[in-house]
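For ligands, and for the atoms within them, numbers begin at 1 and follow the listed sequence. If you're wondering where the values come from, they're calculated on a predicted model, not measured in any experiment. Hydrogens, waters and symmetry mates are skipped; everything else that's a heavy atom, side chains included, is used.
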Amino acid sequence: MQDIEKLKSVLKRIDGRPYGFYRDLKGWYDYGDFRLNVDYVQPDPFAPPSQVAVRVDQSRAGFPEPLYSGPVRRIALEDCLVRHFYRRAQQVSVRGKGTGHSGLLAIDRPSQEVISRSAMVVNDRFVEARFVVGLPARGRTIMGRAALELFLEIIPQLVAGTLFYRRLDADLLKKFVESSEDAETIRNGLEEKGLVAVVADGSVLPRRSGVDDRPLPEEKAVKFAAPPELAVEFDCPNRGKVRGMGIPAGVTLIVGGGYHGKSTLLDALEKGVYNHIPGDGRELAVSRADAVKIRAEDGRPIAGVDISPFIKNLPLGMDTKNFSTQDASGSTSQAANIMEALEAGAKLLLLDEDTSATNFMIRDERMQALVSKDKEPITPFIDKVRQLRQDLGVSTILVMGGSGDYFDVADRVIMMDEYRPRDRTEDAGGIARSFTTHRRAEGGERFGSVKARVPLASGFDPRKGKRAAYAAVKGRGGILFGTGYIDLSQVEQLVDISQTRAVADIILYLLKKYVDGERSLAELLDLAEADLDREGLDCVGDYLRGDYARPRRFEISAAINRLRTLECRGEKARDQ
Ligand code: ADP
Ligand code: MG
């Protein structure tokens, strides 16, 4: 540990010299109230900015223990601190006075979801913020005075205003923590009540736009109100009694006219696996943590998946118990998405007709009459959805405005009517009885088996040129992995680019540590989750990172499954 006089003298010494001398800054400095660590120094002003951490002892930071006791509260507190830090850093960051990133001060930018992030660590010993700094230069010449101002005035001010409890809005912190805790209480209570999701009365589900995830302003939004038949009550530790619409386990249809809010409801349920920040509108729109959105995704690769529950007898005798392709069709991609979600442990599937392959979803009476079963490889989802429930205990929520055939297989029918949900289960049942369909069920007796695949190390080639392991993130929806590209643009429950960064490095971590040609994909996901639970996100990076957010196992699995070079051995099959 060096004191800040040392920092001053280094900066004076390297002023006006070539950029590379900034490397001399590396190390820990004692500021009295906090310590600062320059962990990584950028090689030039245009390179990704330098990584800095600031640590305040809890004895000085003074956060009351109840704000960070237990993972749910801790993650919410950390999240709230990141947001506050983000805004303050934006205010004090002085850009435009030098070349490239000179003067930048920034912390990971959070989405509407409250997710565990490596940018902030709170525990009973300290509070640590990790952020980046653009070390100032003119051309490639160090601007020592600007750096001095940054390290001795701006950063200390920023730290003083963000990491000490007494300087913060205590009510806001409490609200963040309590809101997450209430949502988590509901999530944990779903199973006991026989539910898979709950949307509380008063929730605001619609978003501002397709590219703006903030809530639609209150005056434009119709607030959610549960229909009496589906109303449930939860006792939340902070908010007290909460009333809302409970979606029971089983098969639930969401029907209704176009533009009446069906997809908006489903979207909230997809994101309901995460907690949301206060004011988001979806704080108490909560679904099971193992809910997975399923969609068609033509063009994706598939590696050795058993899609035979849905697809058999392809032309040219292609094997669907061990199906591989570099260019899946709409229906085969949707089948693979389901089988892979089940393999990773999903217990709730979410489907929207908007993003499904029609021939995967339905095959009506007339089509059955014209194209006989032996000429149609696809067993439509309608014939499998009840078996999913009966054989595997997997529930489905399905947006289906286009086919009443589904009335025969639904336990519940919710109709969205001008953004208001209504329970139309009985009416749909009556209609199903009076307009009987003569379509034949084609699904056989059982759902079929879910294969546990074993990924081979040879299927992950992270090498690129001279680099032994290369993984870089191209936006939320894509990872460059070795010389290949993993397209995650259709993986909708990956909500944050920082999750994508973590996914990329988790794959490298798994490859280094656990992929051995013996362990199944599900076992690999278990190991990754156990390590992340125990050691936090830091365990996957090879240097201190402030830009990871925790992904779920389903999104890690989705990325592995979209590796174009993936190869699997298909053993460890278990019949369900
Ligand atoms: P559907 O899937 O039934 O066709 P969407 O869910 O796509 O309909 O919603 C149609 C439009 O209505 C979207 O622009 C959406 O933002 C808006 N919308 C959805 N729910 C509400 C609501 N509760 N209040 C106001 N607008 C809403
Ligand atoms: Mg829709």
Presence of N, O or S from D354 under 2.8 Å of the Mg ion (ligand 2): yes
Short N/O/S contact of S263 with the Mg ion (ligand 2) (below 2.8 Å):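 Checking S263: at least one N, O or S atom is under 2.8 Å.
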Regarding [X] and [Y], do their side chains bring together a donor and an acceptor under 3.5 Å, going by distance alone?
X: R363; Y: Q368; result: no
X: E113; Y: N275; result: no
X: D298; Y: S333; result: no

K193 to F234, cation-pi by 6.0 Å centre distance and 45° axis angle: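 The answer is yes; both the distance and angle limits are met.
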Residue among K271, R109, R552, R117 satisfying salt bridge (Lys or Arg N to Asp or Glu O under 4.0 Å) with D496: R117
Tell me the protein heavy atom at minimum distance from [atom], and give that distance in Å.
atom: atom 20 (N) of ligand 1; answer: Y419 CD2, 3.3 Å
atom: atom 7 (O) of ligand 1; answer: S263 CB, 3.9 Å
atom: atom 4 (O) of ligand 1; answer: Y259 N, 2.7 Å
atom: atom 8 (O) of ligand 1; answer: G261 N, 3.2 Å
atom: atom 16 (O) of ligand 1; answer: P206 CB, 3.8 Å

Need the ligand 1 atom indices (1-based, order shown) with element for anything under 4.0 Å from a heavy-atom of [X].
X: G257; answer: 3 (O)
X: A221; answer: 24 (N), 25 (C)
X: K220; answer: 25 (C)

Restricting to non-hydrogen atoms, name the atom on [X] and the atom on [Y] that form the minimum distance, rounded to 0.1 Å.
X: V292; Y: A341; value: CG1-CB, 3.9 Å
X: F447; Y: L392; value: CD2-CD1, 3.8 Å
X: I115; Y: I75; value: C-CG2, 3.7 Å

Region of M416 engaging ligand 1 - heavy atom pairs below 4.0 Å: neither
4.0 Å heavy-atom contact, G258 with ligand 1: yes
Selected option - heavy-atom contact closest to atom 9 (O) of ligand 1, from T264, I254, L216, V222: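 The option holding the nearest heavy atom is T264.
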Full working for side chain to side chain contact (heavy atoms under 4.5 Å, CB included) between E340 and I560: CA-CA 11 Å; E340 289 165 352; I560 294 173; over 6 Å; no
